[in-house]
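As structure tokens, the structure follows; a few thoughts come after it.
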There are 2 protein chains.
Amino acid sequence: MSASKRDELVQNALKAFYRGGFHAIGMDALAKETGVSKTAMYKHFRTKEELILATLRLRDEQFRNWLVRRVEALASTPREKLLAIFDALAEWFCEPEFRSCMFIKASSEFQDRNHPIHAASAEHKRLLLVYFQTLTHAAGAQNPDDLARQILLLKEGAIVLAHLHDPEMAASDARAAAQVLITNAGL
Amino acid sequence: MSASKRDELVQNALKAFYRGGFHAIGMDALAKETGVSKTAMYKHFRTKEELILATLRLRDEQFRNWLVRRVEALASTPREKLLAIFDALAEWFCEPEFRSCMFIKASSEFQDRNHPIHAASAEHKRLLLVYFQTLTHAAGAQNPDDLARQILLLKEGAIVLAHLHDPEMAASDARAAAQVLITNAGL
DNA sequence: CTATGAGTTGACCGATCGGTAAACCCAACG
DNA sequence: CGTTGGGTTTACCGATCGGTCAACTCATAG
């Protein structure tokens with residue numbers, strides 16, 4: 001029961017679920033893709049739902065770490081960092097493997113508000129909002145919490161349209177809108 | 001082979017897919033819920049995918065008609081109509097049956113860009129964008145196409161956050177952001 | 001050497017998946 | 001009356017679903 005095997009399993013499941021969807025990928029396919037038997041998987045996770053929740057935890061950590069790192073690398077002042085969010089998004093959208101947001105997809109397939117998977121998706125967005133709030137507060141915006149929610153709004157909209165229409169345009173449109181909102185907040 | 005039977009079937013399928021997701025609802029469950037046998041359904045639709053596409057066509061028509069009607073009822077000038085989009089959305093979000101956008105969900109479950117279901121979802125958003133463009137042009141915005149895309153961005157983000165966080169807040173945040181963008185476009 | 005115990009395996013469970021075949025019902029027509 | 005034919009039903013197809021089980025491997029302990 002090595003912990004590294006478990007991590008490897010979660011990483012593979014993450015990729016498979018991200019590409020194919022949660023209901024669409026079966027445990028058999030997952031086992032075959034990972035190169036481990038199904039029984040071995042069920043030693044690590046008691047149900048498929050537990051495995052999904054583990055992939056969401058990993059993805060949450062991955063994504064927020066990546067975003068913060070990119071934003072810190074691209075900008076120095078809080079105001080610039082708010083805009084850099086959308087430059088980082090543009091990079092993400094243009095990756096060939098980009099297929100929308102894991103959590104939007106999770107909440108699409110598990111819609112019940114008190115379903116653990118739906119709740120995990122909501123929590124991910126809440127943590128992102130917290131990060132945006134630290135930036136708007138640091139920047140000294142007039143209504144920092146309102147601005148942070150609006151930035152999050154633009155980010156989610158950009159993801160949806162990057163997936164359905166044009167990735168680059170979605171990112172640059174969102175960036176332009178954010179710039180107006182940021183300026184309007186006194187920055 | 002009455003056409004009304006077919007329509008009734010599509011309407012029932014629409015409700016079932018909207019509540020449960022496309023992969024999660026099987027044809028057996030659909031047949032039982034509609035009160036018709038599976039074979040009868042397969043007389044109208046050769047595959048499940050065809051049925052899904054029919055539900056999306058119905059939903060596209062329903063939603064865009066509803067939105068235009070509500071916007072026309074709520075506002076008279078083009079500028080007011082652009083804002084009224086978000087008042088209409090607020091009404092939608094607060095319905096107890098609200099469970100995000102059918103097309104976001106469809107594109108989440110069928111992610112391949114050249115999959116017919118994904119394409120139908122993209123087309124729905126494109127038609128919405130066209131409607132927004134007529135409004136921004138009529139309002140005399142400085143960059144009407146840019147503004148229309150940003151309004152669409154806010155609308156998609158609002159849907160996602162209404163589903164995951166707070167419906168009323170998502171709508172009002174988007175409305176406030178739209179107001180700033182509209183004013184910034186010289187209106 | 002044998003005994004043990006964790007970890008792994010292929011085979012299998014009942015249920016359900018999307019989709020089909022053949023029998024059946026019943027009104028219209030001769 | 002018998003025949004025909006569209007619309008329906010029940011029963012079924014192989015494949016796959018999430019999940020389980022007895023058997024097997026194999027390093028270690030005595």
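Chain letters run A, B, ... following the sequence lines, proteins first, then strands; residues in each count from 1. The basis for the numbers below is simple: all heavy atoms, side chains too, and nothing from hydrogens, waters or symmetry mates.
The distance between atom CE of B:M41 and atom P of C:dC17, rounded to the nearest whole Å, is 12 Å. At whole-Å resolution of the value, NZ in B:K43 and C1' in D:dT8 are 9 Å apart. The distance between atom CG of B:L51 and atom P of C:dG19, rounded to the nearest whole Å, is 10 Å. B:M27 places its CE atom 17 Å from the C1' atom of D:dC12, with the value rounded to the nearest Å. If you take OH of A:Y42 and C1' of C:dG7, they are 18 Å apart, rounded to a whole angstrom. For B:K38 and D:dC12, the NZ to C1' distance is 10 Å, given to the nearest whole Å. For B:K48 and C:dC17, the NZ to P distance is 8 Å, given to the nearest whole Å. Rounded to a whole Å, the NZ atom of B:K32 is 20 Å from the P atom of D:dT8.
As judged by a 4.0 angstrom heavy-atom cut-off over every strand, A:L30 is placed among residues making no nucleic acid contact.
With C:dT8, D:dG19, C:dT20 as the choices, the nucleotide that has an atom nearest any side-chain atom of A:T47 turns out to be D:dG19.
Comparing A:D28 and B:A24 by the nucleotide of DNA chain C that holds the closest heavy atom to each, the one mapping nearer the 5' end is A:D28. Between A:G26 and B:S37, the residue whose closest nucleotide on DNA chain D is further toward the 5' end is B:S37.
One hydrophobic cluster, built from ILVMFWY side chains closer than 4.5 Å, holds both A:L14 and A:L67.
For the side-chain contact (heavy atoms from CB on, under 4.5 Å) criterion with A:T55, the lone passing option out of A:Q11, A:M102, A:K15 is A:M102.
The main-chain N or O of A:H124 is never found under 3.5 Å from a side-chain atom of A:R64 such that the two would form a donor-acceptor pair.
Donor-acceptor pairing under 3.5 Å, judged by distance alone, is present between the side chain of A:T39 and the base of C:dG10.
Under the 6.0 Å distance and 45° angle rule, B:R59 counts as a cation-pi partner of B:Y18.
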